[in-house]
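Data first, discussion second: the structure below is written as structure tokens.
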There are 2 protein chains.
Amino acid sequence: MNAGPATGRPSTKERIVTAGAELFRRQGYTGTGLKQIVAEAEAPFGSVYHFFPGGKEQLGAEVVRTSGAAYGALFTAAMEAAPDPVTGVRDFFAGAARTLVETGYADACPIATLALEVASTNEPLREATAEVFTGWIALGTAAFAQAGIGERAARELTIALLSALEGAFVLARALRSTEPLEVAGESVAARASALLTAPDAGRG
Amino acid sequence: MNAGPATGRPSTKERIVTAGAELFRRQGYTGTGLKQIVAEAEAPFGSVYHFFPGGKEQLGAEVVRTSGAAYGALFTAAMEAAPDPVTGVRDFFAGAARTLVETGYADACPIATLALEVASTNEPLREATAEVFTGWIALGTAAFAQAGIGERAARELTIALLSALEGAFVLARALRSTEPLEVAGESVAARASALLTAPDAGRG
DNA sequence: ATCGTTCTTGATAGATCGCTCTAGCGATAG
DNA sequence: CTATCGCTAGAGCGATCTATCAAGAACGAT
């Protein structure tokens with residue numbers, strides 16, 4: 001029943017999930033071994049199968065859901081902290097670019113690499129990534145709708161935002177440049193601005 | 001010196017590259033074994049190391065460059081076949097969506113999965129993917145510039161296009177839906193249209 | 001104190017990984 | 001014919017992979 005910190009140290013399970021999230025994000029799912037995860041987590045090997053009887057796949061699913069929720073919260077926080085949605089979008093892309101540079105172009109989307117790897121090879125994990133993306137779309141749609149954009153336009157704006165963000169991450173990591181994030185962010189901000197300036201365009 | 005077809009069958013090297021391209025695209029780089037590649041290619045295992053003394057990494061680099069060039073040609077062909085750039089963009093996204101559906105959401109970008117996997121773990125392969133992306137940016141910039149868009153705006157439009165495309169691929173494969181490709185394509189088409197309608201906006 | 005449960009721990013199995021190595025086939029040149 | 005060379009062919013190496021297993025430590029409940 002130990003969920004954690006009598007001491008300041010996170011529980012073994014938490015450390016495994018955290019280490020798995022970091023390694024899956026940077027090296028992908030198939031490229032990361034359980035041995036490497038437990039080494040990074042400073043956890044005994046057997047604990048993986050104690051907490052995740054379903055093995056690597058179950059750990060992967062939990063990592064996807066956990067870090068997906070965390071990243072969604074990051075987006076919501078950026079949107080709520082900003083005076084308007086356009087600024088929120090700009091801030092979010094700028095923050096993503098900053099993180100990317102600070103981590104040596106390692107930390108971008110927490111689930112994209114895994115998502116592409118498993119999309120055609122592992123149905124349970126594919127479903128986990130689909131659930132996360134669906135949740136992000138709902139989050140963004142709600143945020144833009146609250147700002148006065150029609151439901152349908154808000155949804156399409158969110159999908160365009162996520163597409164631009166994920167794609168910019170691919171280019172940015174490969175090219176080791178933040179230019180794609182800047183261009184993509186400005187592109188989405190412009191579209192959001194247009195929808196807010198001429199609100200009739202986006203009533204759905 | 002056999003580059004191929006006295007018979008109709010492609011050379012062993014070609015079959016290995018083709019099989020590698022298909023498997024890396026669908027399952028990723030670390031998720032694909034050399035044994036699986038030679039089985040798919042109906043080639044002897046030893047031939048891999050005959051043609052690619054550098055092993056899996058060298059094969060990966062050749063696959064990236066080959067299929068990157070082929071995909072670039074596909075883009076150029078779509079742009080040249082279309083009456084105007086906006087239609088070209090729409091056709092290209094629509095064609096990508098069609099391929100995705102026809103292959104059961106397996107065949108999207110030929111190098112994206114590999115690019116994310118190796119971006120922080122394998123510098124030679126990362127450089128190969130960076131070269132391909134740089135080539136695509138040059139291709140798109142030239143195509144849009146030829147249509148009358150200023151050099152700088154053409155470059156940014158191309159980066160926005162590639163970001164939207166790659167990101168839409170991620171979402172589409174995970175969600176098993178073409179909606180992201182449709183939304184992203186329309187978004188890029190709209191931006192291209194705006195740059196062509198008001199050409200002064202894009203003189204750089 | 002004793003029991004039961006939860007969690008820790010690492011050795012180990014069985015499969016697969018990338019890669020090396022040697023042997024041999026078949027076409028061509030001399 | 002013989003020699004050479006490009007390529008075929010696959011057995012096998014050490015390493016690593018996921019997963020299993022049995023045993024012990026920690027701890028609360030009775």
Side-chain angles (χ1 to χ4, degrees), chain A residues 1-7 9-20 23-24 26-64 113-114 117-118 121-125, chain B residues 1-7 9-21 23-24 26-64 113-114 117-118 121-125 128:
Chain A
M1 204 59 56
N2 177 20
T7 125
R9 196 187 206 200
S11 73
T12 301
K13 182 175 181 180
E14 284 170 338
R15 297 202 313 279
I16 290 174
V17 170
T18 302
L23 293 169
F24 289 158
R26 299 186 175 192
Q27 314 177 345
Y29 179 72
T30 54
T32 302
L34 293 178
K35 290 255 168 70
Q36 190 184 2
I37 292 176
V38 298
E40 171 90 12
E42 298 182 66
F45 184 84
S47 293
V48 173
Y49 285 86
H50 173 74
F51 294 110
F52 307 97
K56 192 186 187 183
E57 187 175 291
Q58 186 182 350
L59 170 59
E62 176 134 345
V63 164
V64 165
T113 309
L114 186 149
E117 285 181 280
V118 305
T121 60
N122 188 315
E123 190 58 15
L125 282 180
Chain B
M1 204 58 63
N2 177 20
T7 127
R9 198 187 203 198
S11 73
T12 300
K13 183 175 180 181
E14 284 170 338
R15 295 202 313 278
I16 291 173
V17 170
T18 302
L23 292 169
F24 288 158
R26 299 186 176 193
Q27 314 178 346
Y29 178 72
T30 54
T32 303
L34 292 178
K35 295 253 167 72
Q36 190 184 3
I37 292 177
V38 298
E40 170 92 13
E42 297 181 70
F45 186 83
S47 292
V48 173
Y49 284 86
H50 174 72
F51 294 110
F52 307 97
K56 191 185 188 184
E57 186 175 291
Q58 186 183 348
L59 170 59
E62 177 134 343
V63 163
V64 166
T113 310
L114 185 149
E117 285 181 280
V118 305
T121 59
N122 186 316
E123 190 59 15
L125 281 182

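Per chain, numbering begins at 1; letters A, B, ... match sequence-line order.
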- Is there a side-chain polar atom (N or O) of Ser47(B) under 4.0 Å from OP1 or OP2 of dT8(D)?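 Ser47(B) to dT8(D) OP1/OP2: side-chain N or O found under 4.0 Å.
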- Message: Using a 4.0 Å cut-off on heavy atoms, which residues in residues 50-64 of chain B reach DNA chain D? List them by number, or say none.
- Response: His50(B), Phe51(B)
- Task: Specify the residues of residues 32-42 of chain A, ordered by number, for which at least one heavy atom lies under 4.0 angstrom from an atom of DNA chain D.
- Result: Thr32(A), Gly33(A), Leu34(A), Lys35(A)
- Message: How close do Pro124(B) and Glu57(B) get, counting heavy atoms only, and between which atoms?
- Response: CG-OE2, 3.3 Å
- Task: Indicate the atoms forming the closest heavy-atom contact of Leu23(A) with Thr32(A), along with that distance.
- Result: O-OG1, 3.4 Å
Collect all protein-nucleotide pairs involving nucleotides 24-28 of chain C in which both atoms are nitrogen or oxygen and the distance is under 3.5 Å.
none

Check the distance between [N]'s [atom2] and [X]'s [atom1] and give it to me in whole angstrom.
{"X": "Lys13(A)", "N": "dT9(C)", "atom1": "NZ", "atom2": "C1'", "result": "19 Å"}
{"X": "Phe24(B)", "N": "dG18(C)", "atom1": "CZ", "atom2": "C1'", "result": "12 Å"}
{"X": "Asn122(B)", "N": "dG18(C)", "atom1": "CG", "atom2": "C1'", "result": "13 Å"}
{"X": "Phe45(B)", "N": "dA11(D)", "atom1": "CZ", "atom2": "P", "result": "12 Å"}
{"X": "Ile16(B)", "N": "dG18(C)", "atom1": "CD1", "atom2": "C1'", "result": "15 Å"}

- Have Gln27(B) and Thr121(A) got a donor and an acceptor in their side chains that come within less than 3.5 Å? no
- Does the side chain of Thr113(B) reach to within under 4.5 Å of the side chain of Tyr29(B), using non-hydrogen atoms? no
- Task: State, yes or no, whether a side-chain contact exists between Thr30(A) and Glu117(B) at a heavy-atom distance under 4.5 Å.
- Result: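 Result yes, sub-4.5 Å side-chain heavy-atom pair found.
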- Output all residues satisfying salt bridge (Lys or Arg N to Asp or Glu O under 4.0 Å) with Lys13(A), sequence neighbours left out; order by chain, then residue number.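 Residues passing salt bridge (Lys or Arg N to Asp or Glu O under 4.0 Å) with Lys13(A): Glu62(A).
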- Query: Can you tell me how far the CG atom of Asn122(B) sits from the CG atom of Leu114(B), to the nearest 0.5 Å?
  - Reply: 8.5 Å
Which protein N or O atoms sit under 3.5 Å from an N or O of nucleotides 21-26 of chain D?
none

For residues 33-52 of chain A, which side-chain N or O atoms pair as donor and acceptor with protein atoms under 3.5 Å away, sequence neighbours left out?
none

